[in-house]
Amino acid sequence: AQRVTQPEKLLSVFKGAPVELKCNYSYSGSPELFWYVQYSRQRLQLLLRHISRESIKGFTADLNKGETSFHLKKPFAQEEDSAMYYCALGGIQGAQKLVFGQGTRLTINP
Amino acid sequence: GAGVSQSPSNKVTEKGKDVELRCDPISGHTALYWYRQSLGQGLEFLIYFQGNSAPDKSGLPSDRFSAERTGGSVSTLTIQRTQQEDSAVYLCASSSQTSGGTGEQFFGPGTRLTVL
């Protein structure tokens with residue numbers, strides 16, 4: 001079965017430090033990977049997806065098919081990065097649905 | 001423009017009652033999704049609509065759950081004979097994607113359902 005694993009429920013780093021949110025997936029086909037973010041009192045929104053290969057708000061994520069990972073990285077964390085981050089898997093057998101990980105709550109300390 | 005809207009924002013009901021949750025997608029979005037977020041759980045897919053058809057209902061947890069979409073727009077998720085384990089935040093999302101993979105999904109604010 002398809003699965004997304006985010007091993008860290010909580011992650012706390014200091015402002016200016018590098019941050020990495022881990023995501024591993026289980027899917028034998030061609031995956032589509034996404035990171036969604038939910039800031040406090042806001043709705044869930046797309047942060048980035050692997051096919052666009054772009055940096056959003058300083059975040060990047062590289063799809064590593066060998067390690068089945070899609071870790072989210074930012075070299076210098078900012079306080080406004082504090083949020084709930086969800087890794088999601090799409091493109092499952094042509095289906096439109098997303099399979100989400102459990103999420104990681106990132107807290108950036110001043 | 002207006003985003004995805006959901007109503008009600010909060011719903012408290014008694015065990016055994018039926019509830020209806022409504023979703024208004026972004027205008028022109030043909031794809032609509034329902035997800036559920038239970039306490040301590042991630043987001044679980046429930047059902048996907050393309051237009052008024054539901055090609056993927058694989059996430060509906062039991063036959064107490066049903067959904068429909070009319071006019072290619074508004075969708076209603078109905079839970080019959082609610083149980084306490086149905087308590088969750090129900091999220092609706094819409095997308096302009098019609099085929100060829102999973103596009104960006106735009107989420108609503110959710111409906112928090114509490115079953116007493």
Side-chain angles (χ1 to χ4, degrees), chain A residues 1-10 21-27 29-54 56 61 63 70 83-105, chain B residues 2-7 9 23-26 29-51 53-60 67 69 75 88-112:
Chain A
Q2 302 82 29
R3 177 173 288 185
V4 176
T5 303
Q6 294 179 249
E8 304 132 331
K9 278 192 172 181
L10 302 171
L21 288 82
K22 291 184 166 49
C23 171
N24 287 89
Y25 66 91
S26 170
Y27 178 52
S30 293
E32 296 179 36
L33 273 298
F34 304 80
W35 278 99
Y36 278 80
V37 61
Q38 188 165 27
Y39 300 102
S40 179
R41 287 184 289 278
Q42 294 186 29
R43 57 186 69 187
L44 194 64
Q45 59 187 282
L46 178 67
L47 179 62
L48 54 77
R49 61 182 113 177
H50 88 272
I51 59 172
S52 58
R53 300 184 65 81
E54 56 190 344
I56 303 293
L63 177 59
F70 189 57
M84 193 75 179
Y85 290 81
Y86 293 94
C87 183
L89 170 67
I92 301 167
Q93 297 168 338
Q96 293 274 331
K97 69 180 181 184
L98 289 170
V99 173
F100 284 89
Q102 300 262 353
T104 298
R105 181 167 297 282
Chain B
V4 177
S5 60
Q6 293 185 244
S7 60
S9 55
C23 172
D24 278 275
I26 292 172
H29 279 190
T30 57
L32 186 147
Y33 315 79
W34 284 98
Y35 294 88
R36 173 171 80 169
Q37 185 170 29
S38 307
L39 188 63
Q41 303 287 325
L43 288 104
E44 304 171 83
F45 167 79
L46 298 177
I47 187 169
Y48 154 62
F49 287 92
Q50 184 61 244
S53 301
D56 190 348
K57 306 178 184 180
S58 61
L60 294 178
R69 189 178 184 194
S75 176
V89 176
Y90 289 81
L91 290 173
C92 176
S94 71
S95 167
S96 59
Q97 193 87 359
T98 55
S99 64
T102 308
E104 178 178 1
Q105 296 182 15
F106 295 83
F107 283 81
T111 292
R112 182 176 296 278

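Lettering follows sequence order; numbering is per chain, from 1.
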According to ring-ring contact (aromatic ring centres under 6.0 Å, His included), who are the partners of Tyr86(A), at least two apart in sequence or on a separate chain?
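ring-ring contact (aromatic ring centres under 6.0 Å, His included) check on Tyr86(A) returns nothing, list empty.
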Validation row: Leu48(A), Phe70(A) side chains within 4.5 angstrom (heavy atoms):
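SC-SC contact between Leu48(A) and Phe70(A) confirmed.
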For Pro109(B), give me all partners under side-chain contact (heavy atoms from CB on, under 4.5 Å), at least two apart in sequence or on another chain.
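Counting only residues at least two positions away or on another chain, Pro109(B) forms a side-chain contact (heavy atoms from CB on, under 4.5 Å) with Arg43(A), Gln6(B).
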Name, in order of residue number, those residues of residues 30-39 of chain B that have a heavy atom at a distance of less than 4.5 Å from a heavy atom in chain A; otherwise write 'none'.
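Those residues of residues 30-39 of chain B which have a heavy atom under 4.5 Å from chain A are Tyr33(B), Tyr35(B), Gln37(B).
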What part of Gln45(A) lies closer than 4.5 angstrom to a heavy atom of chain B: side chain, backbone, both or neither?
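Nothing of Gln45(A), per the 4.5 Å heavy-atom cut-off to chain B.
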Aromatic rings Phe107(B) and Tyr36(A): how do their planes relate, parallel, tilted or perpendicular, breaks at 30° and 60°?
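Ring orientation, 0 to 90° scale: perpendicular.
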Mind jotting down which residue pairs meet the salt bridge (Lys or Arg N to Asp or Glu O under 4.0 Å) criterion with at least one end in residues 96-110 of chain B? Sequence neighbours excluded, please.
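Sorted pair list: Arg49(A)-Glu104(B).
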Between Tyr48(B) and Gln50(B): side-chain donor-acceptor atoms closer than 3.5 Å
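The criterion, which ignores hydrogens and geometry beyond distance, is satisfied for Gln50(B) and Tyr48(B).
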Can you tell me which of Ser58(B), Gly103(B), Pro55(B) forms the most heavy-atom pairs within a distance under 4.5 Å of chain A?
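Maximum pair count with chain A is reached by Gly103(B).
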Output yes when a side-chain donor or acceptor of Glu32(A) lies under 3.5 Å from a complementary backbone atom of Thr102(B), and no otherwise.
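Side chain of Glu32(A) to backbone of Thr102(B), a donor-acceptor pair under 3.5 Å: yes, one is there.
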